[in-house]
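These notes are about the structure you will find just below.
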Amino acid sequence: MTRQNVVVADAKSGINLAITMTVSNQSLFTKTREAQGGCITIPAKKVGGGVRINTWLDSMRASSPTRVRPAISVPDQSSWMLRHPSALHTFEQIIEASKGKQIVMFLDYDGTLSPIVDDPDRAFMSEAMRATVRQLARYFPTAIVSGRCRDKVYNFVRLAELYYAGSHGMDIKGPSKGSKYKKETKAVLFQPASEFLPMIDEVYKALLEKTKSIPGASVEHNKFCLSVHFRCVDEKKWSMLSQQVRSVLQQYPKLRLTQGRKVLEIRPTIKWDKGKALEFLLESLGFGNWTDVFPVYIGDDRTDEDAFKILRDRGQGFGILVSKIPKDTSASYSLQEPLEVMYFLQRLVEWKRLSVRQYRV
């Protein structure tokens, strides 16, 4: 289950209300203001199946790598950058805000530590990025929070000293080496959606069978959720793929279908997301009261907005959105691509290294 920024159209008043709400597989998506953050419109009344198919198709087109995004005017770009300045250009300001508190790092994987690629199984992080994250974890508690299966994202990162939250935070485990930051000795392992495992396995097999006739479609099993990737599917087949996925899910009302970046995602309907995972990890580290901690969350996807919103609402720590185009976001700062993420993390490590050296002197 995810929370997304949506616009609800009131047929009587003619007013569009911007709200944040949970979107299920019954929602009817249509693209609006894509350049401003991919907002979606949900009509106030349900309509026929044909329109539902077309609106899902519009949503899939909006995230397609083959389609050219509308040009963004310089004033709009400048205005957005004023509200969400580069974390590299405002590094000193960020450090000043964190003084006297323990920085805790939360990092998405795809599109943040690694580039978005056509084949999800080949989304490898660079050795330079891995070395940077390893150094980061020497100075700050560090967690990877991903929609991927926890074991899969661990195999990509291969750093045992990190915390890992897979399946959009539904599968959390602490460092296998132990943590020098954790104030308790009990091992961290949390799986709030365990009861859904047999159902997820069943749906995975059904989706494999249903989608095998569509070239380029792939179904990824992320343990507690499923991803149907269509970035390599011919656009003429998208409508068929959407229908096939939804036809399977009609038999499973406890699962929800949502739209991500070039992917359809199936998740349990429990109230759990990356924001909840952030709060759980901070509690596990002994920072539940939030008075002496400064969380930093870096991510590029709609699902990361749940974590950004937690930080914004609490007024402590901040989120950094990774994006080359303006988007509606609760993040405070921005970076354009994984390379800039690496540069920011390197600056953070160097700042901490110098601070420790000066303290010892």
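Residue numbers start at 1 and run along the sequence shown. Note that this is a predicted model, so its numbers are computed, not measured.
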Between [X] and [Y], is there a donor-acceptor pair closer than 3.5 Å when you use the side chain of the first and the backbone of the second?
X    : Y    : result
T142 : F140 : yes
W290 : R314 : no
S126 : M129 : yes
R231 : V117 : yes
S242 : S239 : no
S323 : I325 : yes
Q316 : V293 : yes

Which residues satisfy the ring-ring contact (aromatic ring centres under 6.0 Å, His included) test with [X], sequence neighbours excluded?
X    : value
F91  : F344
F106 : none
Y164 : Y154

Just list the side-chain donor-acceptor pairs under 3.5 Å for residues 189-196, sequence neighbours left out, or say none.
residue: Q191; atom: NE2; partner: D171; partner atom: OD1; Å: 2.8
residue: S194; atom: OG; partner: Q191; partner atom: O; Å: 2.9

To the nearest 0.5 Å, tell me how far [X] [atom1] sits from [Y] [atom2].
X    : Y    : atom1 : atom2 : answer
L335 : L321 : CG    : CG    : 9.0 Å
L159 : Q135 : CG    : CD    : 10.5 Å
I94  : L348 : CD1   : CG    : 9.0 Å
L278 : L311 : CG    : CG    : 5.5 Å
K276 : I310 : NZ    : CD1   : 6.5 Å
D300 : I320 : CG    : CD1   : 13.0 Å

Would you check if [X] and [Y] make a side-chain contact, meaning some heavy-atom pair closer than 4.5 Å?
X    : Y    : answer
C225 : H168 : yes
R347 : L345 : no
F230 : S218 : no
P268 : M170 : yes
M199 : L255 : yes
V245 : L207 : yes
L197 : F224 : yes
M81  : S334 : yes

Any Lys/Arg nitrogen of [X] or [Y] sitting under 4.0 Å from an Asp/Glu carboxylate oxygen of the other?
X    : Y    : answer
E202 : K205 : no
D151 : K223 : no
D110 : R148 : yes
R138 : E161 : no

| request: Go through the structure and list residues passing side chain to side chain contact (heavy atoms under 4.5 Å, CB included) with E350, not counting sequence neighbours. | output: R353, L354

| Contacts of S247 that satisfy side chain to side chain contact (heavy atoms under 4.5 Å, CB included) - sequence neighbours left out | K210

[X] to [Y] - nearest heavy-atom pair and separation:
X    : Y    : result
L281 : A165 : CD1-CB, 4.5 Å
T291 : K101 : O-CE, 4.0 Å
L113 : M125 : O-CB, 3.7 Å
A123 : P115 : CB-O, 4.4 Å
T112 : G299 : OG1-CA, 3.5 Å
A331 : G319 : CB-O, 3.5 Å

Which residues share a side chain to side chain donor-acceptor pair (under 3.5 Å) with [X], sequence neighbours left out:
X    : value
S227 : N222
Q336 : none
Y297 : D304
H84  : none

| message | My understanding is that only residues two or more places apart in sequence, or in another chain, count here; which of them pass salt bridge (charged side-chain N to carboxylate O under 4.0 Å, His left out) with D121? | response | K152

| note | The salt bridge (charged side-chain N to carboxylate O under 4.0 Å, His left out) partners of E127 (sequence neighbours excluded) come to R130, R158

Between [X] and [Y], is any side-chain donor less than 3.5 angstrom from a side-chain acceptor?
X    : Y    : answer
R312 : S330 : yes
T303 : K274 : yes
Y333 : Q93  : yes
T211 : Q244 : no

| task | May I have the step-by-step check of side chain to side chain contact (heavy atoms under 4.5 Å, CB included) for E340 and L88, ending in yes or no? | result | CA-CA 8 Å; E340 286 199 353; L88 284 171; 4.1 Å; yes

| query | Crowded around F280 CZ? As in, over 12 foreign heavy atoms under 6.0 Å? | reply | yes

| message | Between F308 and F318, does the ring-ring contact (aromatic ring centres under 6.0 Å, His included) criterion hold? Intermediate values first, please. | response | CA-CA 7 Å; F308 295 156; F318 58 83; 9.9 Å; no

| message | Between L136 and M105, does the side chain to side chain contact (heavy atoms under 4.5 Å, CB included) criterion hold? Intermediate values first, please. | response | CA-CA 8 Å; L136 185 75; M105 298 299 300; 3.9 Å; yes

| task | List the steps and the verdict of side chain to side chain contact (heavy atoms under 4.5 Å, CB included) for L226 and I200. | result | CA-CA 7 Å; L226 302 171; I200 292 292; 3.7 Å; yes

| field | Joint hydrophobic cluster, I116 plus Y109, side-chain heavy atoms closer than 4.5 Å | value | no

| Residue pair R267, E265: steps toward the salt bridge (charged side-chain N to carboxylate O under 4.0 Å, His left out) verdict | CA-CA 7 Å; R267 310 184 212 176; E265 296 182 311; 3.0 Å; yes

